[in-house]
K.L.:
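One structure coming up, written as C-alpha cells, with questions to follow.
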Amino acid sequence: MNEIEQEQRIYAVIASIPRGAVVTYGQVADLAGMPRAARLVGRTVSKLPGDTRLPWHRVINATGKISMPRESLGFDRQKERLQEEDVVVTNGRIDLKEFRWQP
DNA sequence: ATGGTGACTTGGC
DNA sequence: TGCCAAGCCACCA
C-alpha cells in the first residue's frame with residue numbers, strides 16, 4: 001500500500017474512536033493493519049492540519065501519557081479536549097485501564 | 001550512503 | 001513510577 005492509503009487507514013481508525021475513550025499510537029497502527037508502525041501514526045498525527053475534524057486528541061502513548069511536552073500549547077489543547085469529554089487527565093496521564101477503547 | 005530525529009513500544013532493572 | 005537500551009518506521013541534512 002502507498003503513503004496516501006496508509007494515511008487514509010489511520011484517519012479512518014482515529015475517526016472511529018468513540019467520544020470519551022482513548023487509544024494508543026500502537027493500537028491505531030494495529031487497527032489500521034500496520035503492526036509496529038506506531039511511529040508512523042505519531043508522525044501522521046503531528047502533520048494533521050490545525051482545522052482537522054479528526055479526534056486526534058484521543059490518541060496517547062502506551063504509557064498512558066500525552067505525547068507532547070507539558071509546557072507546549074498542543075499539550076494543553078489535547079488535555080482540554082479530553083477533559084471536555086470527561087476523560088480524567090492527571091499530570092498529563094490517563095488511566096488506560098479505565099479509558100482505553102477496546103473495539 | 002549515513003547518521004540523527006521524532007506526538008512510539010517493549011523489556012529490564 | 002522512572003530511566004535506559006533496542007527495535008522500529010519514515011524523513012531529512
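Proteins come first, then strands; the chains are lettered A, B, ... in the order of their sequence lines, and each starts at number 1.
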K.L.:
Within the structure provided, determine whether A:Ile94 and A:Ile66 are in side-chain contact (heavy-atom separation under 4.5 Å).
P.N.:
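A:Ile94 vs A:Ile66: side chains touch.
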K.L.:
Atom NZ of A:Lys65 to atom C1' of B:dT9: distance rounded to whole Å?
P.N.:
13 Å
K.L.:
For A:Lys47 and C:dC9, what is the distance between atoms NZ and P respectively, to the nearest whole Å?
P.N.:
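A:Lys47 atom NZ is separated from C:dC9 atom P by 17 Å.
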K.L.:
Ignoring the backbone of A:Ala38, work out which of C:dG2, B:dT9, C:dA10 is nearest its side chain.
P.N.:
B:dT9
K.L.:
Between B:dA7, C:dG2, C:dC11, spot the one nearest the side chain of A:Arg93, thanks.
P.N.:
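From the listed options, C:dG2 comes nearest.
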K.L.:
Give a yes or no answer on whether the side chain of A:Gln78 reaches the backbone of A:Val59 with a donor-acceptor pair at less than 3.5 Å.
P.N.:
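Side chain of A:Gln78 to backbone of A:Val59, a donor-acceptor pair under 3.5 Å: yes, one is there.
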K.L.:
Between A:Trp56 and A:Thr63, which has a closest nucleotide on DNA chain B that is more 5'?
P.N.:
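Mapping each residue to its closest nucleotide by heavy atoms, the 5'-most match is A:Trp56.
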K.L.:
Salt bridge or not between A:Arg19 and A:Glu84? Use side-chain N to carboxylate O under 4.0 Å.
P.N.:
yes
K.L.:
What's the CZ-P distance between A:Arg36 and B:dG11, to the nearest Å?
P.N.:
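Computing the A:Arg36:CZ to B:dG11:P distance gives 13 Å.
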K.L.:
For a quick check of understanding: with a heavy-atom distance under 4.0 Å over all strands, which category does A:Thr24 fall into, base, sugar-phosphate or nothing?
P.N.:
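The answer is sugar-phosphate, as A:Thr24 gets under 4.0 Å only of primed atoms, P, OP1 or OP2.
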K.L.:
Rounded to whole angstrom units, what separation is found between the CG atom of A:Asn61 and the P atom of C:dG2?
P.N.:
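Computing the A:Asn61:CG to C:dG2:P distance gives 12 Å.
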K.L.:
Go through DNA chain C and write down every stem, that is, every run of at least three consecutive Watson-Crick or G-U wobble pairs with distances under 3.5 Å, as range with range.
P.N.:
B:2-6 with C:9-13, B:8-13 with C:2-7
K.L.:
So which heavy atom on A:Arg70 is nearest to which on A:Asn91, and how close?
P.N.:
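A:Arg70 and A:Asn91 have their closest heavy atoms at NH2-O, 3.0 Å.
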K.L.:
Side chains of A:Arg100 and A:Gln27: closer than 4.5 Å at any heavy-atom pair?
P.N.:
yes
K.L.:
Tell me the interatomic distance from A:Leu40, atom CG, to C:dC12, atom P, rounded to whole angstroms.
P.N.:
13 Å
K.L.:
Using the C1' atom on both, measure C:dG7 against B:dG6 and round to a whole Å.
P.N.:
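15 Å, rounded to whole Å.
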K.L.:
Quick one: pull up CG in A:Asp86 and CZ in A:Phe99 and give me the separation to the nearest 0.5 Å.
P.N.:
8.0 Å
K.L.:
Rounded to whole angstrom units, what separation is found between the CD1 atom of A:Ile10 and the C1' atom of B:dA7?
P.N.:
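Going from A:Ile10 (CD1) to B:dA7 (C1'), I get 13 Å.
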K.L.:
Considering only heavy atoms and no angle criterion, is a donor-acceptor pair shorter than 3.5 Å present between the side chain of A:Arg39 and the base of B:dG6?
P.N.:
yes
K.L.:
Distance check needed: C:dA10 C1' versus A:Ile4 CD1, whole Å only.
P.N.:
15 Å
K.L.:
If you measure only the distance, is there a donor-acceptor pair under 3.5 Å linking the side chains of A:Glu85 and A:His57?
P.N.:
yes
K.L.:
Could you give the CD-to-C1' distance, from A:Glu71 to B:dA7, as a whole number of Å?
P.N.:
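Interatomic distance, CD of A:Glu71 to C1' of B:dA7: 13 Å.
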